[in-house]
Amino acid sequence: MSNTILEHTQKKYSGLGVMLRLVCFVAPLTPIMCITITMGILGFLVAIGITVFGAVGIAAILNMPVLPELKNLTLIFQILAILALSRGVLRYLEQYSGHFIAFKLLAFIRDKIYRALRKLAPAKLDGRRAGKIISIITSDVELLEVFFAHTIAPIMIGILTSVIMTLVIAHFSSVLAAIALLAYFTVGLIIPYFTSKKSRDYGRDYREDVGEINNAFLESLYGMREIILFDQAAERQALMDRKSEIANKSVEKLKQHQGITKAWSETAVLVFSAIMLFTGIYLYLNGTLNFTAFLISVIALMSSFGPVITLSNLSNNLLQTFASGECILNLLEEQPLVADQNNGANLSHHDICVNNVSFAYGEKHVLQNISLEMGEGKIIGIQGKSGSGKSTLLKLLMRFYDVHSGEIRIGSHNIQQVNTTSLRENIGYVTQETYLFNTTIEENLRIANRNASMEQIIQACKFAAIHDFIQALPDGYYSKVGELGDMLSGGEQQRLGIARSFLHNSKIILLDEPTSNLDSMNENIILNSLKEHRAGKTIIIVSHRQSTLSICDKIYHMQSGRLS
């Protein structure tokens with residue numbers, strides 16, 4: 001096991017490594033990608049053809065020495081019209097199929113990210129900054145659209161178009177074909193390789209900085225009341241300004257790299273166009289090349305840099321894309337601290353035995369040689385100061401973490417050998433802070449049991465002393481709770497969490513400070529409900545309140561990770 005629960009190793013991939021891994025996602029859509037590449041190649045060839053035939057037509061009008069069969073202006077204009085129409089159709093098909101692939105894959109990757117987060121939660125997500133996770137889910141995934149729609153196909157289009165044009169020019173002159181090949185190679189590969197090599201970390205730094213801004217912004221939103229209450233607006237604004245300034249510097253580096261790459265690419269295009277022109281003139285004057293071959297070769301090269309310039313420009317976008325891809329790949333390839341058990345036993349008995357259990361977060365020992373028994377049909381209380389390990393014990397019972405030594409048994413099974421699905425179905429866990437989704441009360445309750453009837457939902461709310469409050473709302477159970485449940489008080493949120501536990505109808509109920517936000521009347525209602533429905537259940541209550549623990553059959557006291 002890792003030395004620390006909060007340790008998150010981040011692999012660093014080369015640009016090629018990221019690209020190859022991302023390309024693997026395209027495999028199921030290979031036929032459509034082939035269509036995209038084919039349409040792209042044909043589109044560029046048609047565009048080049050428009051320029052070449054246009055030049056030939058002008059030469060014919062000016063009575064230059066072109067071949068006789070190319071002096072038919074009517075035919076040339078017909079060819080140009082057909083090519084122009086074809087260019088629009090081919091470009092549309094290329095863009096349509098490319099974006100179809102991109103959006104299909106983005107949906108697929110988002111699904112994989114959610115599944116990965118589900119497997120990593122909660123242990124591997126403890127300590128991760130929410131802003132960085134949101135950055136991965138939103139902006140990082142969106143940047144992959146650039147890769148799937150505007151990178152894979154353009155690379156293949158650039159390579160294949162360059163090969164075809166080299167062969168076309170070679171038909172007229174091997175010397176000019178060699179110049180064309182060197183030009184394509186320089187603009188499409190050499191310049192992007194060396195310029196991006198110097199700036200490979202810029203994109204990664206930028207993505208990190210964006211994640212930091214997102215995190216600071218989220219903290220500011222969630223803590224807005226505290227910021228106003230303690231007059232910290234100026235300090236918070238200064239923090240946002242500092243983080244924005246850092247991100248702006250990263251952007252400046254990226255833009256500077258983009259400018260350098262563009263300058264080198266345009267210089268190379270001009271240089272090779274000049275070399276091609278003067279070499280063609282030399283060959284024409286020496287009689288080794290006729291005027292038609294000279295004109296077509298030179299114009300073909302000058303008008304065919306589009307695909308390789310696209311490759312050169314890709315290096316600018318790929319710095320961010322590869323950084324985003326690296327973040328996503330790291331997340332998808334990260335292994336959970338606690339793997340789901342799918343080939344174990346299902347629970348049939350629900351008594352719990354904690355035998356000599358020890359646990360630590362990294363170097364911080366939280367539980368040391370804890371042993372206790374919790375019988376079925378019993379209500380067990382655990383009392384202790386904050387930091388004594390009470391909540392951690394409940395997380396071990398949920399198997400959010402695995403023990404470092406000792407064992408936990410439910411019924412006759414070691415908890416590590418119990419199927420995760422069975423474990424979750426049999427345990428209801430009410431945490432200190434109830435998370436509510438920005439939807440109706442009914443939907444927030446129904447997540448505990450998707451098949452529950454409305455009568456069951458109402459009964460669970462009565463047990464949790466929240467039904468009368470819900471009924472008094474204008475829309476009753478269909479009232480919205482607001483983002484993070486901010487339209488409800490802490491006590492109302494807590495009672496909804498307890499109602500979820502009743503609705504889940506689990507055989508083991510874990511309650512972490514379940515009445516901390518409740519008045520004595522509502523506390524008594526809930527405690528009486530627990531006593532009435534204890535039959536066949538194992539109920540564990542963690543609380544500071546002596547009144548809450550008054551219904552317990554046995555109370556364990558914890559201090560500094562030990563029982564007393």
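Distance check: Ser405 OG to Ile370 CD1 gives 11.0 Å after rounding to the nearest 0.5 Å. Interatomic distance, Asn355 CG to Leu372 CG, rounded to the nearest 0.5 Å: 10.0 Å. Taken from CD in Glu443 to OH in Tyr478, the straight-line distance is 9.5 Å, to the nearest 0.5 Å. Residue Met398 holds its CE atom at 6.5 Å from CG of Leu510, rounded to the nearest 0.5 Å. Taking CD1 of Ile427 as the start and CG of Leu423 as the end, the distance is 4.0 Å to the nearest 0.5 Å. Going from atom CZ of Phe100 over to atom CG of Leu29 covers 6.5 Å, rounded to the nearest 0.5 Å.
Formation of a donor-acceptor pair under 3.5 Å by the Thr515 side chain with backbone atoms of Leu518 is not found in this model. Although no hydrogens or angles enter the test, the distance criterion places no donor-acceptor pair under 3.5 Å between the side chain of Asn419 and the main chain of Ser422. Ser543 places no side-chain N or O within donor-acceptor distance of the main-chain N or O of Leu549, the cut-off being under 3.5 Å. A donor-acceptor pair under 3.5 Å links the side-chain atoms of Asn414 to the main chain of Gln416, judged by distance alone. For Ser529 (side chain) and Phe463 (main-chain N/O), a donor-acceptor pair under 3.5 Å exists by modelled atom type. Under the 3.5 Å distance criterion, the side-chain polar atoms of Ser358 are matched with a main-chain donor or acceptor of Asn369. A donor-acceptor contact shorter than 3.5 Å is absent between the side chain of Ser506 and the backbone of Ile509.
Taking the six-membered ring for Trp and thresholds of 30 and 60 degrees, His99 and Phe103 have ring planes inclined between 30 and 60 degrees apart. Between Phe25 and Phe108, the ring planes lie perpendicular to each other; the angle is over 60°, past the 30° to 60° tilted range. Aromatic ring pairs are classed by plane angle as parallel below 30°, tilted from 30° to 60° and perpendicular above 60°; the pair His404 and Phe359 is tilted.
Of all the heavy atoms in Arg424 and His504, the pair that sits closest is O-NE2, 3.2 Å. Pairing each heavy atom of Ile380 with each of Glu373, the nearest pair is CD1-O, 4.4 Å. Shown here for Thr538 and Met374, the closest heavy-atom pair between the two residues is CG2-O, 3.9 Å. Considering every non-hydrogen atom in both Tyr477 and Cys461, the closest pair reads OH-CB, 3.4 Å. The two residues Leu397 and Ile540 have their closest heavy-atom pair at CD1-CD1, 3.7 Å. Considering all non-hydrogen atoms of both residues, Leu488 and Gln493 come closest at O-NE2, 3.2 Å.
Here the options are Asn444, Asn449, Thr434, the test is side chain to side chain donor-acceptor pair (under 3.5 Å), and the partner is Arg500; only Asn444 passes.
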Going through the distances and angles, do Lys507 and Glu376 end up as a salt bridge (Lys or Arg N to Asp or Glu O under 4.0 Å)?
CA-CA 9 Å; Lys507 298 298 182 181; Glu376 191 169 322; over 6 Å; no
Intermediate values then yes/no, side-chain hydrogen bond (donor to acceptor under 3.5 Å, both in side chains), Lys537 and Asn505:
CA-CA 9 Å; Lys537 299 180 184 294; Asn505 197 28; 3.3 Å; yes
Does Ile470 form a side-chain contact (heavy atoms from CB on, under 4.5 Å) with Leu496? I'd like the steps, not just the answer.
CA-CA 10 Å; Ile470 296 172; Leu496 285 178; 4.1 Å; yes
Any chance you could lay out the side-chain contact (heavy atoms from CB on, under 4.5 Å) test for Leu22 and Ile152, step after step, and finish with the verdict?
CA-CA 10 Å; Leu22 292 177; Ile152 300 177; over 6 Å; no
Test Asp209 against Ser250 for side-chain hydrogen bond (donor to acceptor under 3.5 Å, both in side chains), laying out the working first.
CA-CA 8 Å; Asp209 295 340; Ser250 297; 2.5 Å; yes
Apply the test side-chain contact (heavy atoms from CB on, under 4.5 Å) to residues Ile541 and Ile551: give CA-CA distance (whole Å), side-chain angles for both, the deciding distance (0.1 Å), then the verdict.
CA-CA 10 Å; Ile541 301 176; Ile551 66 168; 4.0 Å; yes
Run the side-chain hydrogen bond (donor to acceptor under 3.5 Å, both in side chains) test on Ser516 and Gln494 for me, step by step, so that the C-alpha distance in whole Å, both residues' side-chain angles and the decisive distance to 0.1 Å come before the verdict.
CA-CA 8 Å; Ser516 58; Gln494 196 165 35; 3.1 Å; yes
Applying side-chain contact (heavy atoms from CB on, under 4.5 Å) to Leu394 and Val542, what does each step give before you reach the verdict?
CA-CA 9 Å; Leu394 297 188; Val542 166; 3.8 Å; yes
For side-chain hydrogen bond (donor to acceptor under 3.5 Å, both in side chains), just list the numbers for Asn330 and Glu326, CA-CA rounded to whole Å, side-chain angles, deciding distance to a tenth of an Å, and then say yes or no.
CA-CA 6 Å; Asn330 270 311; Glu326 188 175 63; 5.2 Å; no
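Side chains of Gln383 and His544: no donor on one and acceptor on the other come within 3.5 Å. Defined by atom type and a distance below 3.5 Å, a donor-acceptor pair is present between the side-chain atoms of Asp512 and Ser391. Checked by atom type, the side-chain pair Tyr361/Thr392 shows a donor-acceptor distance below 3.5 Å.
Salt-bridge formation is not detected for the pair Lys119/Glu334: no Lys NZ or Arg NE/NH1/NH2 atom is positioned less than 4.0 Å from an Asp or Glu carboxylate oxygen. In summary, Glu523 and Arg495 do not engage in a salt bridge, as defined by a charged side-chain N under 4.0 Å from a carboxylate O. The residues Arg409 and Glu407 are annotated as salt-bridged, a charged nitrogen and a carboxylate oxygen being separated by less than 4.0 angstrom.
In this structure the side chain of Lys385 never reaches within 4.5 angstrom of the side chain of Lys390, judged on heavy atoms. For the pair Leu393/Ile382, a side-chain contact is recorded, criterion being any heavy-atom separation below 4.5 Å from C-beta on. Proximity of Ile441 to Leu473: side-chain heavy atoms (C-beta onward) are separated by under 4.5 Å at one or more points. Residues Ile328 and Val141 form a side-chain contact, since some pair of their non-hydrogen atoms from C-beta on lies under 4.5 Å apart. In this structure the side chain of Gln341 reaches within 4.5 angstrom of the side chain of Gln417, judged on heavy atoms. Met558 has its side chain within reach of Leu367: a pair of non-hydrogen atoms, C-beta onward, lies under 4.5 Å apart. Inter-residue side-chain proximity for Asp241 and Glu245 is flagged as unmet; no heavy-atom pair is nearer than 4.5 Å. When side chains are defined from C-beta on, Ser453 does not count as touching Ile457, because their heavy atoms never get closer than 4.5 Å.
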